[in-house]
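Everything numeric in this text was worked out from a predicted model, so none of it was measured. Below, chain A is the first sequence line, B the second, and so on; all start at residue 1.
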There are 2 protein chains.
Amino acid sequence: MSNFLGSHAINMDAKGRLAIPAKVREELAQLCGGRIVLTANADEERCLLLYPEPEWEELRPKIEALPNMNKAARRLQRLLLGNAAQMELDSAGRILVPPTLRAHAQLEKKLMLIGLGKKLELWSEERWLAWLDESSDDEDMPPEMEALSL
Amino acid sequence: MSNFLGSHAINMDAKGRLAIPAKVREELAQLCGGRIVLTANADEERCLLLYPEPEWEELRPKIEALPNMNKAARRLQRLLLGNAAQMELDSAGRILVPPTLRAHAQLEKKLMLIGLGKKLELWSEERWLAWLDESSDDEDMPPEMEALSL
DNA sequence: GTGTGCACAAGTGGGAAAAAGTGGTTTCTA
DNA sequence: TAGAAACCACTTTTTCCCACTTGTGCACAC
């Protein structure tokens with residue numbers, strides 16, 4: 001079972017290639033032989049989602065099955081399905097990010113790769129730092145969260 | 001069961017390594033063989049949290065299970081999971097703090113390690129001292145706290 | 001009772017080997 | 001023909017290990 005954790009600062013080269021950090025690469029190798037799916041994020045944060053292929057294949061039917069008379073559901077489908085790119089790590093452990101996705105998340109040279117358990121998120125460093133600085137609004141916190149004791 | 005107490009002033013060297021105080025090191029050794037998880041703190045105080053691995057493994061599923069269509073929950077996940085680094089004390093009882101975490105808590109040379117029962121907190125000395133000086137606002141105290149008699 | 005010194009443990013720093021990341025060139029394919 | 005994939009070589013970073021310095025506690029002597 002996948003269990004990505006931690007954040008890594010990585011660079012994208014002029015060709016749009018980015019080297020997956022060795023630790024993550026290892027995990028991807030034994031989890032899915034380096035076969036991954038990269039797609040856009042659905043919520044307001046403009047970042048990319050990186051799934052190991054098996055994890056994606058579990059998620060995809062659920063997205064397809066959403067009742068798409070609903071506007072929010074249509075949005076989710078268009079973003080996640082419509083942007084999904086299947087790819088494989090090259091011999092040096094790098095991936096080539098498609099231009100459309102690069103544009104979507106406004107990726108330039110400096111990026112952040114964030115492990116979130118079953119998936120990873122890919123942010124432009126600038127946006128990530130800006131997001132970190134945003135103040136959290138404690139309002140609508142789910143009850144499970146209020147009960148947490150860290 | 002872990003029971004860290006007390007504060008220790010410690011130094012980080014130029015490579016980002018920091019020596020865990022011998023007393024804490026002992027406790028960590030018999031508790032988890034020196035296997036720990038270091039991550040960012042979720043609230044506004046920019047410090048790091050240090051969990052013995054078993055303690056973390058108890059907490060992690062609860063965080064992963066939060067409903068992440070909720071914004072506050074996503075924030076917590078990105079901070080805690082997205083910054084978590086699993087590591088082991090080296091042969092000299094030191095840990096290497098990853099650059100991203102170093103930056104997050106603005107750690108420089110002088111640090112404070114604070115024992116808080118099941119976990120430890122790691123602060124830059126400067127921030128720790130500044131925090132001590134801050135006045136607390138006694139407003140919204142949870143009822144369990146109001147009932148305390150110190 | 002106080003001070004000095006010795007010994008061991010803790011903490012610090014640096015260097016060498018290995019691994020990871022980077023960039024360019026060539027080949028292939030659409 | 002342009003863009004992507006594979007290949008290869010170089011540079012940088014990381015990790016591991018060893019040696020040195022500092023601090024602390026205990027014992028013994030004065």
Side-chain angles (χ1 to χ4, degrees), chain A residues 4-30 32-38 48 50 53 83-103 107-115 120 122-125, chain B residues 4 6-30 33-38 50 83-103 107-115 120 122-125:
Chain A
F4 303 105
L5 292 173
S7 59
H8 311 260
I10 54 183
N11 296 316
M12 189 166 62
D13 69 19
K15 295 182 183 178
R17 294 181 298 187
L18 65 87
I20 303 296
K23 281 202 165 178
V24 177
R25 196 185 302 171
E26 245 172 67
E27 207 160 347
L28 284 174
Q30 68 170 104
C32 55
R35 300 182 58 79
I36 61 165
V37 172
L38 195 62
L48 303 183
L50 191 163
E53 195 176 68
N83 280 300
Q86 198 173 40
M87 54 184 67
E88 218 166 320
L89 305 206
D90 74 8
S91 60
R94 290 180 286 197
I95 57 172
L96 181 73
V97 182
T100 49
L101 286 176
R102 232 178 292 169
L107 304 185
E108 292 166 50
K109 184 155 194 257
K110 309 189 82 179
L111 314 180
M112 292 293 285
L113 184 69
I114 316 291
L120 296 141
L122 189 60
W123 291 67
S124 100
E125 189 196 46
Chain B
F4 303 105
S7 60
H8 311 260
I10 54 183
N11 297 317
M12 188 167 63
D13 70 19
K15 291 185 180 176
R17 295 179 298 189
L18 66 86
I20 303 295
K23 282 202 165 180
V24 178
R25 195 186 303 172
E26 247 172 65
E27 206 160 349
L28 284 175
Q30 69 171 102
R35 299 183 57 79
I36 61 165
V37 172
L38 195 63
L50 191 163
N83 281 299
Q86 200 171 38
M87 55 183 67
E88 220 166 318
L89 303 207
D90 74 7
S91 59
R94 290 179 288 194
I95 57 173
L96 180 73
V97 183
T100 49
L101 286 175
R102 233 177 292 167
L107 304 185
E108 291 166 50
K109 185 154 194 260
K110 311 189 80 179
L111 314 180
M112 291 295 284
L113 185 69
I114 317 291
L120 296 141
L122 189 60
W123 291 69
S124 101
E125 189 194 46

Exercise. How long is the line joining CZ of B/R102 and P of D/dT13, in whole Å?
Worked result: 13 Å
Seminar exercise, completed: Separation of C/dG21 atom P from A/I10 atom CD1, nearest Å, is 9 Å
Seminar exercise, completed: Judged by nearest nucleotide, the residue sitting upstream toward the 5' end of DNA chain D, A/K23 or A/D90, is A/D90
For this session: Indicate for each nucleotide in nucleotides 23-30 of chain C, in 5' to 3' sequence, whether protein heavy atoms under 4.0 Å reach the base (B), only the sugar-phosphate (S), or nothing (-).
Result: BBB-----
Exercise. Taking atom P of D/dC7 as reference, at what distance in whole Å does atom CG of A/L96 sit?
Worked result: 16 Å
Exercise. When rounded to the nearest 0.5 angstrom, what is the spacing between CZ in A/R94 and CG in A/D90?
Worked result: 5.5 Å
Seminar exercise, completed: Of the candidates C/dG11, D/dC7, C/dG21, the side chain of A/A22 sits closest to C/dG21
For this session: Look up atom CG in A/L122 and atom CE in A/M112, then write down how far apart they are to the nearest 0.5 Å.
Result: 10.5 Å
For this session: Could you state the atom-to-atom distance from CG of B/L18 to P of C/dA10 in whole Å?
Result: 17 Å
Problem set entry | Greater than 12 external heavy atoms within 6.0 Å of B/E108's CD | no
Problem set entry | Nearest-Å distance for atom pair CE/P, residues A/M87 and D/dA6 | 13 Å
Exercise. A/M12 and A/K109: side chain to side chain contact (heavy atoms under 4.5 Å, CB included), yes or no, with the steps?
Worked result: CA-CA 5 Å; A/M12 189 166 62; A/K109 184 155 194 257; 5.6 Å; no
For this session: Can you tell me the distance, in whole Å, between the CG atom of A/L89 and the C1' atom of D/dA5?
Result: 14 Å
Exercise. Under 3.5 Å, side chain of B/R25 to main-chain N/O of B/I20, donor-acceptor pair present?
Worked result: yes
Exercise. At under 4.0 Å between heavy atoms, what does A/I20 touch on the DNA or RNA strands: base, sugar-phosphate, or nothing?
Worked result: sugar-phosphate
For this session: For C/dG21, take OP1 and OP2 only and decide whether either is under 4.0 Å from a side-chain N or O of A/N11.
Result: no
For this session: Round to a whole Å and report the spacing from CD of A/Q86 to P of D/dA5.
Result: 13 Å
For this session: Go through the steps for B/W123 and B/L111 under the test side chain to side chain contact (heavy atoms under 4.5 Å, CB included), then give the verdict.
Result: CA-CA 6 Å; B/W123 291 69; B/L111 314 180; over 6 Å; no
For this session: Report yes or no: does B/R102 contribute a side-chain atom to a donor-acceptor pair with the main-chain N or O of B/V97 at less than 3.5 Å?
Result: yes
Exercise. How long is the line joining NE2 of A/H8 and C1' of C/dA20, in whole Å?
Worked result: 13 Å
